[in-house]
Structure formats: C-alpha cells, structure tokens
Amino acid sequence: MTYVVTENCIKCKYMDCVEVCPVDCFYEGANMLVIHPDECIDCGVCEPECPAEAIKPDTEPGLEKWLELNAEYAKSWPNITVKKEPPVDSKEWDGKAGKLEKFDPEPGTGD
Ligand code: SF4
Ligand code: F3S
C-alpha cells in the first residue's frame, strides 16, 4: 500500500506534509503535491499533518484515480523536502469540490 495525495490538496498546497516524510517521497506540481507510491513506506506520519486532510491511505475505497495520478506525476515532477510559502488563497480553496476538473495538475512547474 501507499499513502496518496487527493483532491483537496489542489490549490491549497499547504506543504506541511513534506517536512515530516522520513523518505522524502513528495513531488511538486504547480497546484498540488503527489506521493511516489513506490517510495512511500506507509508510515502514516504525513496524514494528520495535512491541514486540508488531503492525504489518505490507498486502502480507503474509491481512491484508484488518485493513486494513478500520484504514480504518474511522481515520475516527472521535482522532489520537494522543504515547506515553501503556500498560495495566498489556500484557505479559499479548502473543501471546494471539482478542483481536479478546474485545475489540471500539469504542467508541474513547481515554483
Ligand atoms: Fe512519507 Fe510516511 Fe507519508 Fe508515505 S506515509 S508519504 S513515507 S510520511
Ligand atoms: Fe497538499 Fe496537504 Fe501537503 S494540502 S501539500 S497534502 S499538507
């Protein structure tokens, strides 16, 4: 199994998660982060750190799409290990539905 970053990360991108990961397996896109499923050691430490509650274990039902998305983008996005300044409008996007449709996680430019 692995932990996965899900929809509520999009545009919230708080980045508290990257500071606690013992194996540095977070990768940064323009609007969200993803976890590399082959590098995650399932420690679960990041899950409670996310203020947006966007990190879930892939054992939860219905997360297949997000597992696929995490695996795909982790291949090409840059690794992130240090928290940066979150977007100024993070809080406005917290809990909004349909973020994946509105904001394609690509191009993954990072900064
Ligand atoms: Fe990193 Fe542990 Fe979270 Fe996996 S579960 S991404 S290893 S902090
Ligand atoms: Fe995203 Fe939560 Fe990390 S919003 S960047 S998964 S702390």
Side-chain angles (χ1 to χ4, degrees):
M1 65 167 280
T2 178
Y3 280 71
V4 293
V5 182
T6 63
E7 185 159 29
N8 207 30
C9 180
I10 297 173
K11 297 293 275 182
C12 285
K13 206 184 177 187
Y14 289 116
M15 291 173 280
D16 297 34
C17 52
V18 304
E19 297 272 332
V20 300
C21 182
V23 294
D24 296 339
C25 63
F26 281 91
Y27 293 81
E28 184 187 16
N31 296 319
M32 73 177 293
L33 304 192
V34 291
I35 291 170
H36 195 311
D38 297 335
E39 295 175 1
C40 175
I41 58 169
D42 309 328
C43 71
V45 172
C46 57
E47 185 183 12
E49 291 298 318
C50 175
E53 297 182 10
I55 302 175
K56 312 278 183 205
D58 74 342
T59 46
E60 279 192 17
L63 293 182
E64 294 79 9
K65 174 176 78 173
W66 292 101
L67 177 58
E68 213 173 286
L69 186 151
N70 278 240
E72 184 57 33
Y73 289 131
K75 286 187 214 156
S76 55
W77 286 357
N79 189 239
I80 174 170
T81 59
V82 178
K83 180 179 160 81
K84 300 177 189 173
E85 202 57 46
V88 285
D89 56 353
S90 272
K91 286 197 174 64
E92 287 169 37
W93 290 102
D94 203 341
K96 292 258 164 68
K99 289 197 275 185
L100 183 60
E101 284 68 38
K102 286 199 195 82
F103 300 101
D104 188 336
E106 284 283 45
T109 49
D111 294 314

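Sequence positions, counted from 1, serve as the residue numbers for this chain. Counting convention: from 1, in listed order, for ligands and their atoms alike.
Cluster annotation: Val82 is not connected to Phe26 through the hydrophobic network of ILVMFWY side chains, with a link wherever side-chain heavy atoms come within less than 4.5 Å.
The neighbour count for Glu85 CD, taken as heavy atoms of other residues, nucleotides or ligands under 6.0 Å away, does not exceed 12. For Glu19, the CD atom is densely surrounded, since the number of other residues' heavy atoms within 6.0 Å is greater than 12. Within 6.0 Å of atom NZ in Lys96, more than 12 heavy atoms from other residues, nucleotides or ligands are found, so the atom counts as buried in its surroundings.
Protein heavy atom closest to atom 5 (S) of ligand 1, with residue, atom name and distance, is Gly44 N, 3.2 Å. Scanning the protein for heavy atoms near atom 7 (S) of ligand 1, the closest one is Ile41 N, 3.4 Å. Closest to atom 4 (S) of ligand 2 among all protein heavy atoms lies Tyr14 N, 3.5 Å. The closest protein non-hydrogen atom to atom 3 (Fe) of ligand 2 is Cys17 SG, 2.3 Å. Considering only non-hydrogen protein atoms, atom 3 (Fe) of ligand 1 sits nearest to Cys46 SG, 2.2 Å. Nearest protein heavy-atom neighbour of atom 4 (Fe) of ligand 1: Cys40 SG, 2.3 Å. Nearest protein heavy-atom contact of atom 5 (S) of ligand 2 is Met15 N, 3.2 Å. Atom 2 (Fe) of ligand 1 has its closest protein heavy atom at Cys43 SG, 2.2 Å. The closest protein non-hydrogen atom to atom 1 (Fe) of ligand 2 is Cys9 SG, 2.4 Å.
Distance alone, capped at 3.5 Å, places no donor-acceptor pair between the Asn79 side chain and the Tyr27 backbone. Not one N or O on the side chain of Lys84 forms a donor-acceptor pair closer than 3.5 Å with the backbone of Met15. The main-chain N or O of Asn31 is never found under 3.5 Å from a side-chain atom of Lys11 such that the two would form a donor-acceptor pair.
Under a 4.0 Å criterion applied to the non-hydrogen atoms of Phe26, ligand 1 contributes the atoms 6 (S). Using a 4.0 Å cut-off to heavy atoms of Ile55, the atoms of ligand 2 that qualify are 6 (S). Numbered from 1 in the order shown, with element, the atoms of ligand 1 that lie under 4.0 Å from a heavy atom of Pro22 read 8 (S). Residue contact check: Leu33 has heavy atoms under 4.0 Å from atoms 5 (S) of ligand 2. Shown in contact with Asp16 at under 4.0 Å from a heavy atom are these atoms of ligand 2, numbered in order with element: 7 (S). The contact set between ligand 1 and Val23, taken as ligand atoms under 4.0 Å from a residue heavy atom, comprises 7 (S).
Ring centroid separation for the pair Trp93 and Phe103 comes in under the 6.0 Å cut-off.
When side chains are defined from C-beta on, Cys17 counts as touching Leu33, because their heavy atoms get closer than 4.5 Å. Leu69 has its side chain out of reach of Val4: every pair of non-hydrogen atoms, C-beta onward, lies at least 4.5 Å apart.
Because its NZ or CZ atom is not both nearer than 6.0 Å to the ring centre of Tyr3 and within 45° of the ring axis, Lys56 does not count as a cation-pi partner of that residue.
Counting backbone and side-chain atoms alike, Cys21 contributes no N/O/S atom closer than 2.8 Å to atom 3 (Fe) of ligand 1. Within the 2.8 Å limit, Cys50 places no N, O or S atom next to atom 1 (Fe) of ligand 2.
Contact annotation for Val18 and ligand 2: no heavy atom of the residue comes within less than 4.0 Å of the ligand. Residue contacts with ligand 1, taken as heavy atom pairs separated by less than 4.0 Å, involve Cys25 solely via side-chain atoms from C-beta onward. Residue contacts with ligand 1 for Ile35 involve side-chain atoms from C-beta outward but no N, CA, C or O (heavy atoms, distance under 4.0 Å).
Nearest heavy-atom pair, Lys13 versus Gly29, reported as atom, atom and distance to 0.1 Å: NZ-O, 2.9 Å.
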